Asker: 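Got a structure for you, questions after.
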Amino acid sequence: MGYEVSGQDRQILRELAKKQFFYANQECNLKRREEWYRHNELQGERPLIHLEMGTFEQEILPERMRCMGDFARQLERALYCNFLNQELFDDDRVTPDYFAVGYDSYFTLFGLQVKVQGTKDAEGKTSVGHHFVSQIEDLEEDWDKLGETQFGVNPAASLERKAAVEEVIGDILPVRLEGNCLYSVPTQMVVHLMSMETMMFSMYDYPELFKEMMERTADDTLAYYRLLEKEGLILPTTGGGFLGQGSWCYNHTLPDGKAPGSYTAKDVWGFMDSQETVGISPEMFEEFIFPCYKKISESYGLLSYGCCEPVDPIWENCISRLENLRKVSISPWCNEEYMGERLRGSRVIYHRKPSPNYLGTGTVLDEEAFRAHIRKSLKAAKGCEMEITQRDVYTINRDIPKAKKYVDIIKEEIVNCW
């Protein structure tokens, strides 16, 4: 893709950059940024809230998008996503006072390119439904397919893109190379190459081969991190970089201000989850999965763990043993009272993910039921450092006021119950 921007698109982008700059410098936004720092340092005064817009942005962005060129539309989308939460929902997402650009890199486990079959919705548009084409049908018979993992970086392309953005809006918003967390989800990568059924049976049929596969996954991931370190492409994660799961990196624990190119994995946030293993016992998770996860996790400075999987069954014997754990996902399928008891007074943040059904289904918000849902979570997390991220909402029925009310209800219940 080229980086050409027409005169008309340029004007649109500059207007949006000015709008982001305005929101970024509002007093309420500056206050929220400081609250995120205190929160991630376990010194917060209240639960912080984020309504993740990405899964329903198709109901928000198209009517706003005006740019025509491909690169311009990428920038336009990114600019909108930087400030629309503040403009529309008034949650605690921080509008950055800069435009972030990340480094280009790739990691192809065992050299097998993931193959995906997509679907179309009733209007002929690409839908969220998709299927991963299985390339490993029998782990023993297909073992030779597990080749050398391929990974690499392209810093020149990243710098070229940064310069192109600077040329358009750099005099309005600083354009910054920014590091997000180091992201590793081994079981997801495995399931992208084999079916869930094959993964489950492989632990039973070929336990030693399965363990070897997971060990290779860990070793290759760490080799990839060493390449990033060697190339000087690990950047500090102490500011507004994305932490995964609708959260951000703001903290004073990790180093900031080291010489450029000297950062290691141990200086930054990492993120991991294992949604694909909810069907196995805690004992099997501990034997077959956890050694890989623990090995990778030990390379990070701080760790955020979990997505939709319930962590309570594997908390005692596994997740609680991750010494750098700072944030853990409390999903709708998690025993939130149990985890509240375990995290109360600890140095691990209770990152609650409410059920998406209240906002994402139906046309009318059941305020009474949702208030009860949030009150239950607030009660369970009493005495914990708490964060609330609403994820996995794929439609708000184009009703922005309903989504705004949803956020307001959470705020009200925090005032009443926290």
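Because the structure is predicted, anything quoted here is derived from the model rather than measured.
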Asker: Before giving the answer on side-chain hydrogen bond (donor to acceptor under 3.5 Å, both in side chains), spell out for Ser134 and Ser195 the whole-Å C-alpha distance, their side-chain angles and the decisive distance to 0.1 Å.
Answerer: CA-CA 6 Å; Ser134 179; Ser195 68; 4.8 Å; no

Asker: Applying salt bridge (charged side-chain N to carboxylate O under 4.0 Å, His left out) as the test, list every pair that has at least one member in residues 234-249; sequence neighbours left out.
Answerer: none

Asker: Applying salt bridge (charged side-chain N to carboxylate O under 4.0 Å, His left out), which residue pairs with at least one partner in residues 191-205 are found, sequence neighbours left out?
Answerer: none

Asker: Using the ring of each side chain (for Trp, its six-membered ring), is Phe132 parallel, tilted or perpendicular to His130, with breaks at 30° and 60°?
Answerer: perpendicular

Asker: Can you check whether His252's main-chain N or O pairs, donor with acceptor, with Glu41's side chain at less than 3.5 Å?
Answerer: yes

Asker: How many angstroms lie between atom CG of Leu359 and atom CG of Asn397, to the nearest 0.5 angstrom?
Answerer: 9.0 Å

Asker: Going by the salt bridge (charged side-chain N to carboxylate O under 4.0 Å, His left out) test, which pairs reach into residues 265-284, not counting sequence neighbours?
Answerer: Lys258-Asp267

Asker: Are Tyr37 and Tyr250, when compared by the centres of their aromatic rings, separated by less than 6.0 Å?
Answerer: yes

Asker: I'd like to know whether Thr95 forms a side chain to side chain contact (heavy atoms under 4.5 Å, CB included) with Glu87, so could you lay out the CA-CA distance, the side-chain angles of the two residues, the decisive distance to 0.1 Å, and finally the verdict.
Answerer: CA-CA 10 Å; Thr95 299; Glu87 181 176 88; over 6 Å; no

Asker: For Phe370, is the CZ atom crowded, meaning more than 12 foreign heavy atoms sit under 6.0 Å from it?
Answerer: yes

Asker: Would you indicate whether Lys379, at its atom NZ, is surrounded by more than 12 heavy atoms from other residues, nucleotides or ligands within a distance under 6.0 Å?
Answerer: no

Asker: Is the Phe288 to Phe285 ring centre distance short of 6.0 Å?
Answerer: no

Asker: Decide if atom OH of Tyr338 counts as having more than 12 heavy atoms of other residues, nucleotides or ligands within a radius under 6.0 Å.
Answerer: yes

Asker: Using the test ring pair (Phe, Tyr, Trp, His ring centres under 6.0 Å), find all partners of His39 that sit at least two apart in sequence or belong to another chain.
Answerer: Trp36

Asker: Checking Asn85 side chain against Leu51 main chain: does a donor-acceptor pair fall under 3.5 Å?
Answerer: yes

Asker: Show me, pair by pair, the donor-acceptor contacts under 3.5 angstrom made by side chains of residues 296-306, not counting sequence neighbours?
Answerer:
residue	atom	partner	partner atom	Å
Ser297	OG	Tyr293	O	3.2
Ser297	OG	Lys294	O	2.9
Glu298	OE2	Lys294	NZ	2.5
Ser299	OG	Ile296	O	2.6
Tyr300	OH	Tyr225	OH	2.7

Asker: Scan for salt bridge (charged side-chain N to carboxylate O under 4.0 Å, His left out) pairs involving residues 345-362, sequence neighbours excluded, and state none if there are none.
Answerer: Glu336-Arg352

Asker: Could Arg73 and Phe71 be counted as a cation-pi pair, given that NZ or CZ must be under 6.0 Å from the ring centre and within 45° of the axis?
Answerer: no

